[in-house]
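Notes for the one structure printed next.
Indexing begins at 1, ligand by ligand and atom by atom, following the structure's order.
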Amino acid sequence: MLVALLGGMWGASAAEPLPHPQGAVILTITGNITQTNTPGQAQFDKTMLEALGKASYTTSSEVSAAPMTFEGVPLRAVLERVGALGKTIRATALNAYQNSIPMEDLQFEPILAMKVDGKVITARDKGPLWIVYPRDANPVLDDVRYDSRWVWQLSKLHIE
Ligand SMILES: Nc1nc2c(c(=O)[nH]1)N[C@H]1C(S)=C(S)[C@@H](COP(=O)(O)O)O[C@H]1N2
Ligand SMILES: [Mo]
């Protein structure tokens, strides 16, 4: 898998056409993707994201020394669904914070968390989507480079 990522082959397998969101759009993906449901964009509501899979882990973070349990959809599943192809994911938050996430980070299985400690997160508490890494499970992730990729209030991903 990692070899495929480094070779730029990521996401070659795209699925059936992406349906239109029925609820509020919480994530918009643009750039190098093969699946769209609006010209140039793949828009997702919460239900669509939840349908893509589930993952959770409990970890401390830069935000909280006390471990919190994060639950959401694997970033990998979301990128697979839109046929994302590229080296970098530019993540943008509601507050216009941006950071670039190398595609290689998928090896760590980051998730787009929608719940923290069992509670749905809203924009008020860093939701509705928060990029999270399993930091306690992998010492290499305990680093400011990765901490800054924990984009909260995530609203856009641009693949390039
Ligand atoms: N939306 C958003 N996400 C963000 C940030 C931000 O300012 N806005 N700061 C990042 C940085 S630099 C780090 S280290 C972690 C933790 O930020 P904090 O130390 O300001 O709590 O969240 C990251 N995610
Ligand atoms: Mo930071």
Side-chain angles (χ1 to χ4, degrees), residues 2 5 10-11 18 21 23-33 36-38 40-82 84-160:
L2 184 57
L5 288 177
W10 176 252
L18 199 62
V25 173
I26 58 172
L27 180 69
T28 300
I29 308 181
T30 56
N32 199 349
I33 57 177
T36 58
N37 52 14
T38 299
Q41 303 188 338
Q43 299 183 332
F44 288 87
D45 63 19
K46 194 164 190 283
T47 307
M48 290 167 70
L49 288 175
E50 286 170 343
L52 296 178
K54 209 177 201 182
S56 72
Y57 33 73
T58 301
T59 185
S60 68
S61 65
E62 172 67 19
V63 168
S64 167
M68 300 192 288
T69 298
F70 297 92
E71 188 180 329
V73 58
L75 176 58
R76 178 190 296 280
V78 178
L79 296 182
E80 267 181 348
R81 185 63 183 87
V82 298
L85 196 63
K87 289 181 161 40
T88 306
I89 306 155
R90 196 169 75 235
T92 304
L94 292 172
N95 68 349
Y97 176 84
Q98 281 200 349
N99 210 338
S100 282
I101 294 173
M103 207 59 99
E104 285 84 353
D105 278 15
L106 293 181
Q107 71 186 288
F108 301 115
E109 304 293 346
I111 62 176
L112 304 186
M114 292 183 263
K115 282 185 182 175
V116 174
D117 291 337
K119 284 199 298 194
V120 171
I121 48 174
T122 65
R124 190 168 288 202
D125 32 45
K126 301 195 184 327
L129 297 171
W130 186 357
I131 297 177
V132 173
Y133 288 75
R135 194 172 86 152
D136 287 356
N138 197 329
V140 82
L141 296 175
D142 189 355
D143 184 285
V144 66
R145 280 177 306 153
Y146 292 104
D147 289 338
S148 67
R149 296 174 193 168
W150 286 53
V151 179
W152 65 74
Q153 296 182 331
L154 174 72
S155 69
K156 294 193 175 90
L157 297 174
H158 183 76
I159 314 300
E160 52 197 18

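Looking from atom 13 (C) of ligand 1 to the surrounding protein, the closest heavy atom is Asp147 O, 3.5 Å. Taking atom 22 (O) of ligand 1 as the reference point, the nearest protein heavy-atom neighbour is Trp152 CZ3, 2.9 Å. Scanning all protein heavy atoms for the shortest distance to atom 19 (O) of ligand 1 gives Glu62 CG, 3.5 Å.
Between Tyr97 and Trp152, the angle of the ring planes stays under 30°, which puts this pair in the parallel group of the 30/60° scheme.
Neither the backbone nor the side chain of Gln153 has a heavy atom within less than 4.0 Å of ligand 1. With a heavy-atom cut-off of 4.0 Å, Asn95 touches ligand 1 through its side chain alone. Of the heavy atoms in Tyr97, only side-chain atoms (C-beta onward) come closer than 4.0 Å to ligand 1.
Two residues are said to be in side-chain contact when any heavy atoms from C-beta on lie closer than 4.5 Å; Tyr146 and Asn138 fail this criterion. Using a 4.5 Å heavy-atom threshold, the side chains of Met68 and Thr58 count as separate.
Of all the atoms in ligand 1, the ones that sit under 4.0 Å from a non-hydrogen atom of Trp150 are 4 (C), 22 (O), 23 (C), 24 (N). Residue Ala93 approaches ligand 1 through these ligand atoms, each under 4.0 Å from one of its heavy atoms: 1 (N).
Leu157 pairs in a side chain to side chain contact (heavy atoms under 4.5 Å, CB included) with only one of the listed residues (Ile101, Leu129, Ile89), which is Ile89.
Cation-pi geometry between Arg135 and Tyr133 is not satisfied (NZ or CZ under 6.0 Å from the ring centre, within 45° of the ring normal).
Gln43 contributes atom CD, which lies 10.5 Å from atom OG1 of Thr30 (distance to the nearest 0.5 angstrom).
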